[in-house]
Structure formats: structure tokens, C-alpha cells
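Worksheet: one structure, shown below.
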Amino acid sequence: MYIGILGIQGAIQDHEKVIKKLNHTPLWVKTKEQFKSIDALILPGGESTTMIKLLKTFDLWSSLSGYINDGLPVFATCAGMILLSKKIDNYQKQDTLDILDIHVDRNGYGRQIQSFETDLSIPEIGEKEYTAIFIRAPKITEYSDKIRVYASYKDTPVLIAQNNILAASFHPELTDDLRIHSFFIDKFVMNKNN
Ligand code: GLN
């Protein structure tokens, strides 16, 4: 499978390494023509405001939303989740793609100094707990019944899905545990175990 990674800003290389380890082909996506060559897209963590600005500068904004609304499988991590949200409650002047039916607070778990690791129970990826790394992560403040919750931390969803989109508040590309990327590819890209 050709797994695109939005390649304009953020934690691109770590996702690339994971995709290679899983024996798929990563492709950095920087132009709208490249959307035609990919089976799925990862929206990496980074700085959502910068990413949003660059998406517009690179003329990717409307084609990105078009491909996602047409069903392109997407895995959004951290800033990627912010980008897809309906609204950023604590930064309302910022545009978002308004595709995931969630509201978020940017840095909702605190600033850099409060970044943390925690063990999550995610039954869909196996019995063993998953150690998630949160870095200035978005906190989901509201979500509708369109959202499926795969994992929560202190009663707040942190791994969710809506149709063709899987989104994590944390950074699955930063651990050696590849189960979440693997779950994305199996379930959302190859439609196994549905
Ligand atoms: N705090 C960042 C933002 O608001 C997201 C952090 C991340 O992606 N690790 O965009």
C-alpha cells in the first residue's frame, strides 16, 4: 500500500519509519496531484496553526478536504486531529477542516513541560496495554454520536474514529509498539476484520 504522509510540517519522518517497518511504502505528500497516488494519508503531529497556514499557501486545503470527504482513509495524530476538528474551543479564530465531529482544546493537557506517557487499554489492538506519549496534546471537549471511541484517558476519548478517519491525541509514531498504525492499515485501509 502507498501510505501518504502530509509532508509540509511536523513529525513526518517517524511515521515514515513505521510505515516502512510495516512493509508498506510511505510517500511525502506536498502537492494535490499526489493525492491520486496514495491509498491512505497520515496527518502528523506538529504545529496546527503553521500546518493550516501552509496548507492554504500550498493550495492543498480544499483538495485535502475533498479527498477525505470522498473516503480517503486518514490517520490523524495530535495536530492532525486539531486540523480535522469542527472547532478549537480555546482558539476559535483558527480555521479547521471541520470534518471530525469533535471540539478540541489545543494543549488541553498542558504545555511541553506537562507532556507525559500513560498506559491505555485499547481492546481492539490486543490485551496488552499500550503506552501512549502525549506532547502538548489536544483534549477532546465535545464529540457527537458519529464518533467511535477506541480509548480514553481519565474519561476523555484519546483514540477515536469517524467513518474513514482514525485520530489520536497522542503520538503513536514515537514508540516501538506499531499496533496502532497496523490497526489503521488493516481496518481502515485494507478493510480487514470489519
Ligand atoms: N500543540 C500543538 C498544536 O496546537 C500540537 C502538538 C503536537 O502535534 N504534538 O498544534
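All ligand and atom numbering here is 1-based and tracks the order in the structure.
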Counting from 1 in the order shown, the ligand 1 atoms closer than 4.0 Å to a non-hydrogen atom of Ile135 are 6 (C), 7 (C), 9 (N)

Protein residue, atom and distance nearest to atom 2 (C) of ligand 1, heavy-atom basis | Gly46 O, 3.5 Å

Which atoms of ligand 1 have any heavy atom of Gly45 under 4.0 Å away?
-> 8 (O)

Greater than 12 external heavy atoms within 6.0 Å of Lys30's NZ = no

Can you tell me the protein heavy atom closest to atom 9 (N) of ligand 1 and the distance?
-> His171 NE2, 2.8 Å

Region of Met51 that comes within reach of ligand 1 [heavy atoms, distance under 4.0 Å] = neither

Backbone N/O of Lys87 and side chain of His103: donor-acceptor pair under 3.5 Å = no

For the pair Ser85 (side chain) and Ile82 (backbone), establish whether a donor and an acceptor sit closer than 3.5 Å, ignoring hydrogens and angles.
-> yes

At what distance is the nearest protein heavy atom to atom 1 (N) of ligand 1, and which residue and atom is it?
-> Asn107 OD1, 2.7 Å

Side-chain donor/acceptor of Asp39 to backbone N/O of Met1, under 3.5 Å = no

Nearest protein heavy atom to atom 4 (O) of ligand 1, by residue and atom, and its distance?
-> Arg106 NE, 2.5 Å

Between Leu166 and Phe183, is any pair of side-chain heavy atoms under 4.5 Å apart?
-> yes

Flag the pair Phe75 / Pro172 as yes when at least one side-chain heavy-atom distance between them is below 4.5 Å, and no otherwise.
-> yes

Polar side-chain atom of Glu16 near backbone of Ile12 as donor-acceptor pair, under 3.5 Å | no

Which ligand 1 atoms does Ser48 reach within 4.0 Å, using its non-hydrogen atoms?
-> 3 (C), 4 (O), 10 (O)

For ligand 1, which atoms sit closer than 4.0 Å to a heavy atom of Ile82?
-> 3 (C), 4 (O), 10 (O)

Note the single closest protein heavy atom to atom 7 (C) of ligand 1, along with its residue, its atom name and the distance in Å.
-> Cys78 SG, 2.8 Å

For ligand 1, which atoms, with element, lie under 4.0 Å from some heavy atom of Glu47?
-> 2 (C), 3 (C), 4 (O), 10 (O)

Atom pair NZ/NZ of Lys139 and Lys154 - distance to nearest 0.5 Å | 8.0 Å

